[in-house]
Visitor: 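Quick one: the structure is below, questions incoming.
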Amino acid sequence: MKVEKEINNKELIVKVSGQINTLTSIDLEKEICNDLTGIESVTIDLMHVDYISSAGIRVFMYINKQLGYNDALKIINVDHDLYQVLYDVGVTDIINIERYEQ
């Protein structure tokens, strides 16, 4: 997994590539949480993610909690298969998810 970050005003933009699994989710959480001070919103770009485990989903839920559950977390460029996983476990009801249509 590779993580690229950019801070634009009070928004943290995180681009992730590879797989978010039990091992890599720990690093993803650290990468994001280390930069949350003073941040009002987080956008996570999953354009180049082809797999996410329950541990990865937990990271999203944790970040959403840290941001105060106020629609401050947005996950973008989610392909059909990943979207279906997130939908099936109810994440799409809690976090703003934007699908990537090819």
Side-chain angles (χ1 to χ4, degrees):
M1 180 192 68
K2 181 179 175 186
V3 177
E4 296 177 26
K5 299 181 292 184
E6 172 186 335
I7 296 176
N8 186 2
N9 290 327
K10 295 188 178 198
E11 177 184 22
L12 174 62
I13 301 165
V14 182
K15 294 181 180 182
V16 185
S17 58
Q19 296 187 351
I20 305 173
N21 57 39
T22 304
L23 298 175
T24 61
S25 65
I26 296 166
D27 295 332
L28 179 61
E29 183 176 328
K30 287 179 186 175
E31 287 280 347
I32 295 172
C33 288
N34 285 343
D35 289 327
L36 284 183
T37 303
I39 295 297
E40 295 178 358
S41 65
V42 175
T43 299
I44 302 174
D45 186 338
L46 299 183
M47 173 73 80
H48 301 288
V49 172
D50 56 9
Y51 174 82
I52 185 165
S53 71
S54 60
I57 293 170
R58 186 198 64 76
V59 170
F60 298 154
M61 301 302 284
Y62 179 74
I63 300 303
N64 194 44
K65 179 180 177 183
Q66 295 303 306
L67 293 170
Y69 300 110
N70 60 359
D71 289 332
L73 174 61
K74 179 169 50 173
I75 302 173
I76 63 171
N77 293 322
V78 178
D79 75 15
H80 175 76
D81 293 334
L82 287 182
Y83 184 87
Q84 193 62 50
V85 169
L86 297 171
Y87 176 83
D88 288 346
V89 298
V91 175
T92 57
D93 293 333
I94 301 166
I95 297 173
N96 181 8
I97 310 282
E98 293 182 11
R99 294 170 80 168
Y100 170 74
E101 300 295 335
Q102 296 178 345

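Keep in mind that the numbers below use all heavy atoms, side chains included, and drop hydrogens, waters and symmetry copies. Please read all numbers here as calculations on a predicted model, not as lab measurements.
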Visitor: Glu6: which residues meet the salt bridge (Lys or Arg N to Asp or Glu O under 4.0 Å) condition with it, sequence neighbours left out?
Guide: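 Not a single residue meets the salt bridge (Lys or Arg N to Asp or Glu O under 4.0 Å) criterion with Glu6.
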
Visitor: For Asp27, check side-chain hydrogen bond (donor to acceptor under 3.5 Å, both in side chains) against everything at least two apart and list the hits.
Guide: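 Expected list: none.
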
Visitor: Report yes if the side chains of Met1 and Val49 come closer than 4.5 Å at any heavy-atom pair, otherwise no.
Guide: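 Heavy-atom side-chain distance check fails, nothing below 4.5 Å.
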
Visitor: Among residues at least two apart in sequence or on other chains, which ones pass salt bridge (Lys or Arg N to Asp or Glu O under 4.0 Å) with Lys65?
Guide: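 In terms of salt bridge (Lys or Arg N to Asp or Glu O under 4.0 Å), with neighbours along the sequence ignored, Lys65 is linked to no residue.
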
Visitor: Is a side-chain N or O of Thr92 found less than 3.5 angstrom from the main chain of Tyr83, in a donor-acceptor match?
Guide: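 Pair absent, no side-chain N/O of Thr92 close to backbone of Tyr83.
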
Visitor: Would you kindly confirm whether Leu23 and Val59 end up in one hydrophobic cluster when ILVMFWY residues are joined by side chain heavy atoms under 4.5 Å apart?
Guide: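 Per the 4.5 Å side-chain linkage, Leu23 and Val59 are not co-clustered.
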
Visitor: Using the side-chain hydrogen bond (donor to acceptor under 3.5 Å, both in side chains) criterion, which residues pair with Glu40? Sequence neighbours excluded.
Guide: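 With neighbours one apart ignored, the set is empty.
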
Visitor: Please answer: with hydrophobic residues joined when any side-chain heavy atoms are less than 4.5 Å apart, are Leu82 and Ile76 in the same cluster?
Guide: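 Leu82 does not cluster with Ile76.
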
Visitor: What's the shortest heavy-atom distance between Thr22 and Ser53, and which atoms?
Guide: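 It is N-OG, 3.5 Å.
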
Visitor: Provide the closest heavy-atom pair for Leu28 versus Val16 in the form atom of the first, atom of the second, distance.
Guide: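 Where Leu28 meets Val16 most closely, the heavy atoms are CD1-CG2, 3.9 Å.
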
Visitor: Look at the side-chain heavy atoms of Ile, Leu, Val, Met, Phe, Trp and Tyr, link any pair under 4.5 Å apart, and say whether Tyr100 and Ile75 land in one connected group.
Guide: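 No, no single cluster joins them.
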
Visitor: Within a strict 4.5 Å, meaning less than it, do heavy atoms of the Val42 and Leu36 side chains meet?
Guide: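 Result yes, sub-4.5 Å side-chain heavy-atom pair found.
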
Visitor: Under the salt bridge (Lys or Arg N to Asp or Glu O under 4.0 Å) rule, collect the residues that match up with Asp81, sequence neighbours excluded.
Guide: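 Counting only residues at least two positions away or on another chain, Asp81 forms no salt bridge (Lys or Arg N to Asp or Glu O under 4.0 Å).
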
Visitor: Say you draw a straight line from NZ of Lys30 to CG of Asp35; how long is it, rounded to the nearest 0.5 Å?
Guide: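 Interatomic distance, Lys30 NZ to Asp35 CG, rounded to 0.5 Å: 14.0 Å.
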
Visitor: I want to check something: taking the side chain as every heavy atom from C-beta on, are Ile7 and Leu12 in contact at a cut-off of under 4.5 Å?
Guide: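 They are in side-chain contact.
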
Visitor: Quick one about Glu11 and Thr43 (side-chain donor to acceptor, distance below 3.5 Å, no hydrogens or angles considered), yes or no?
Guide: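 Per modelled atom types, Thr43 and Glu11 side chains form a pair under 3.5 Å.
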
Visitor: Looking at residues at least two apart in the chain, or sitting in another chain, which of them share a side-chain hydrogen bond (donor to acceptor under 3.5 Å, both in side chains) with Asn70?
Guide: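 Once residues adjacent in sequence are excluded, Asn70 has no partner under the side-chain hydrogen bond (donor to acceptor under 3.5 Å, both in side chains) criterion.
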
Visitor: When clusters are formed by joining ILVMFWY residues with side-chain heavy atoms under 4.5 Å apart, either directly or through shared neighbours, do Ile94 and Ile32 land in the same one?
Guide: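 Yes.
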
Visitor: What's the shortest heavy-atom distance between Ile95 and Met61, and which atoms?
Guide: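 Taking every non-hydrogen atom into account, CD1-SD, 3.9 Å.
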
Visitor: Looking at every non-hydrogen atom in both residues, tell me the closest pair between Tyr51 and Asn21 and how far apart they are.
Guide: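 Taking Tyr51 first and Asn21 second, the nearest heavy atoms are CE2-CB, 4.0 Å.
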
Visitor: Are Leu67 and Leu86 connected in a single hydrophobic cluster, I mean Ile/Leu/Val/Met/Phe/Trp/Tyr linked by side-chain heavy atoms less than 4.5 Å apart?
Guide: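 Yes, because Leu86 and Leu67 connect within a single hydrophobic cluster, where side-chain heavy atoms sit under 4.5 Å apart.
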
Visitor: What are the two closest heavy atoms between Phe60 and Ile20, and how far apart are they?
Guide: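 Heavy atoms of Phe60 and Ile20 come nearest at CZ-CD1, 4.2 Å.
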
Visitor: So with a 6.0 Å cut-off around NZ of Lys5, is the heavy-atom count from everything else above 12?
Guide: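 Count over threshold, so yes.
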
